[in-house]
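Throughout, a chain's letter reflects where its sequence line sits, starting with A, and its residues are numbered from 1. Since the structure is predicted, the reported quantities are computational estimates derived from the model, not experimental observations.
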There are 2 protein chains.
Amino acid sequence: MAKTKDENTENSILNAAKNVFQSKGMDGARMQEIADKAGINKAMLHYYYRSKQLLFEAVFKNAFALLAPQLNKVLNDDSSIEDKIRNFTSNYISFIIKHPYLPAFIIQELNRNPSFILKLKQNKGFPNLEKFKKQVNLEIEQKLIKPIHAEQLFINIMALNIFPFVATPLIKAFANINDKAFKQLMKDRKEEVADFIINSIKI
Amino acid sequence: MAKTKDENTENSILNAAKNVFQSKGMDGARMQEIADKAGINKAMLHYYYRSKQLLFEAVFKNAFALLAPQLNKVLNDDSSIEDKIRNFTSNYISFIIKHPYLPAFIIQELNRNPSFILKLKQNKGFPNLEKFKKQVNLEIEQKLIKPIHAEQLFINIMALNIFPFVATPLIKAFANINDKAFKQLMKDRKEEVADFIINSIKI
DNA sequence: ATTTAGTTTAACCATTTGGTTAACAAAAGT
DNA sequence: ACTTTTGTTAACCAAATGGTTAAACTAAAT
């Protein structure tokens, strides 16, 4: 396929692998297809990455490293809960529109192999709820927001932002809309979702 | 595996196939494993279902047929929006706790092959938003709920209810909780999610 | 009792797939 | 100049995999 200045072979392999793995998953991906897309011989894949498993892990870690900082924004910055939610929602949806396969890929592969997340958890920078919890409880005490468990609020924020990009075909079918209308709906959500959440918790 | 009165072979195959396909997906599933779990010879799979693809489709249609009526409850019954949301949320989460693999399976396979949903769309009983849209707009006119696009509200309801069961490993890792705590969190959501939605749209 | 239709099995087959090997080319050290 | 290291290829391999076949078994129908 297009080899738009992939510089070195190692990188063009990773790019091709990203493509194939993210659209077909570990089980559906074929080493031959990755090699073809990278424009090289299949043996090169093993020369640079030893095995399908290791190549996959390189792709997965890359993908996760892209997603994690986005989540940390909600959890670890110092603005108010309301500002956080507005910022995060707008940024996150913009981000995902650029990487539409990402969330479904990560979720699918973690379901296939849940123990894989244990490795990721050890990295520093792995999202952690502690600070967010304290902040939520503080704002509840200060009567800034209605009582809610921080975990539930966090799940709700994730769900409202991520779900449509994971269940795209389902939503398109139920709402009976085409690709263009779906994209518009997602753009609208940048504001709608934040309003929806804040409406619910604001006193 | 356990062959607890599976009656006929055809059914025990379908059961085994359900197990394997729903936990490993189409690409990860192996005919041999299905045969072993059903306690029969691999040739029987082809005798009764001709091919992996057809066996898979039988499982998938079964799964979808289980999910669709649940969604139609929100869309086509005659109670108020508020009652619908409360009923649906409580029922749906109970339902999914009994079939935890279902939503991830359906979403994963539709992402793998989005055109597959076209076949399903032709079935009557396929969820449709028209009635729900009218009702939402009516209740907005009557000042019973705040203005919101019906599609967005529907997406939000789906997201808040379904997402945690699709992204279970992710949520468990972020919230740093074990299986027991996660299950409790999900039970709590039966009420919390409905409150969250209604808080947001109620005037 | 014998035919017939449906069910089940073991052995087999062709293809696909991840991975390896050996030869070769091109840089990089010396 | 030559030796070593790195990058690349084509051909090959063993295992796995979906699928087929022909024969055997079973039970009801004739």
Side-chain angles (χ1 to χ4, degrees), chain A residues 1-63 105 108-109 112-113 115-116, chain B residues 1-63 105 108-109 112-113 115-116:
Chain A
M1 282 265 94
K3 198 179 172 181
T4 51
K5 220 182 187 185
D6 266 330
E7 317 140 22
N8 56 60
T9 309
E10 190 168 352
N11 218 288
S12 75
I13 290 177
L14 199 64
N15 268 348
K18 203 174 292 185
N19 257 293
V20 175
F21 277 128
Q22 292 193 7
S23 64
K24 312 223 167 154
M26 169 67 168
D27 291 331
R30 294 293 164 250
M31 295 297 267
Q32 188 60 59
E33 189 182 351
I34 295 173
D36 291 348
K37 286 230 166 86
I40 45 98
N41 190 289
K42 191 161 60 94
M44 295 306 289
L45 302 180
H46 295 93
Y47 181 73
Y48 282 103
Y49 292 90
R50 276 203 41 176
S51 69
K52 185 184 184 183
Q53 178 65 25
L54 287 175
L55 178 53
F56 169 79
E57 285 179 21
V59 169
F60 187 88
K61 278 176 192 158
N62 251 354
F105 171 67
Q108 180 187 146
E109 297 304 327
R112 198 178 56 87
N113 180 10
S115 70
F116 195 57
Chain B
M1 281 264 95
K3 198 178 173 181
T4 51
K5 222 182 186 183
D6 265 331
E7 317 141 21
N8 56 60
T9 308
E10 190 169 349
N11 219 288
S12 76
I13 290 176
L14 199 64
N15 268 348
K18 204 175 292 182
N19 257 291
V20 177
F21 278 129
Q22 291 192 10
S23 65
K24 311 224 168 154
M26 169 67 169
D27 291 330
R30 294 292 162 250
M31 296 296 268
Q32 188 59 59
E33 188 181 353
I34 295 173
D36 291 347
K37 285 230 165 87
I40 45 100
N41 191 288
K42 192 161 59 97
M44 296 305 291
L45 301 179
H46 295 92
Y47 180 74
Y48 282 103
Y49 292 91
R50 276 203 40 178
S51 68
K52 185 185 184 184
Q53 177 64 25
L54 287 175
L55 178 54
F56 170 78
E57 285 178 21
V59 169
F60 187 88
K61 278 175 193 159
N62 253 354
F105 171 66
Q108 180 187 148
E109 296 304 327
R112 199 179 54 88
N113 180 8
S115 71
F116 195 57

Dump the intermediate steps for side chain to side chain contact (heavy atoms under 4.5 Å, CB included) on A:Leu14 and A:Tyr49, then the final yes or no. CA-CA 9 Å; A:Leu14 199 64; A:Tyr49 292 90; 3.6 Å; yes
Assign a letter to each nucleotide of nucleotides 10-22 of chain C from its 5' end: B, base within under 4.0 Å of a protein heavy atom; S, sugar-phosphate only; -, no contact. B------SBBBB-
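For the pair B:Leu55 CG and D:dG18 P, the interatomic distance rounds to 11 Å; values are reported in whole Å. Note: CD1 (B:Ile34) to P (D:dG18) measures 8 Å, nearest angstrom. Rounded to an integer number of Å, the gap from CE of B:Met44 to P of C:dG6 is 13 Å. Distance B:Ile13 CD1 to D:dG19 P: 13 Å, rounded to the nearest Å. A straight line from CD of B:Glu10 to C1' of C:dT8 spans 15 Å, rounded to a whole angstrom.
If you check every strand for non-hydrogen atoms under 4.0 Å, B:Tyr48 touches sugar and phosphate atoms only.
For the pair B:Arg112 and B:Phe56, the cation-pi test (distance below 6.0 Å, angle within 45°) is passed.
Going from atom CG of B:Asn41 over to atom CD of B:Gln32 covers 8.0 Å, rounded to the nearest 0.5 Å.
The side chain of B:Tyr47 contributes no N or O atom lying less than 4.0 Å from OP1 or OP2 of D:dG19.
For B:Lys52, the salt bridge (Lys or Arg N to Asp or Glu O under 4.0 Å) test picks out no residue, with sequence neighbours left out.
Pairs engaging residues 19-29 of chain A under the side-chain hydrogen bond (donor to acceptor under 3.5 Å, both in side chains) rule: A:Lys24-A:Glu33 [sequence neighbours left out].
Annotation: B:Phe60 is in aromatic contact with B:Phe105 [ring centroid separation under 6.0 Å].
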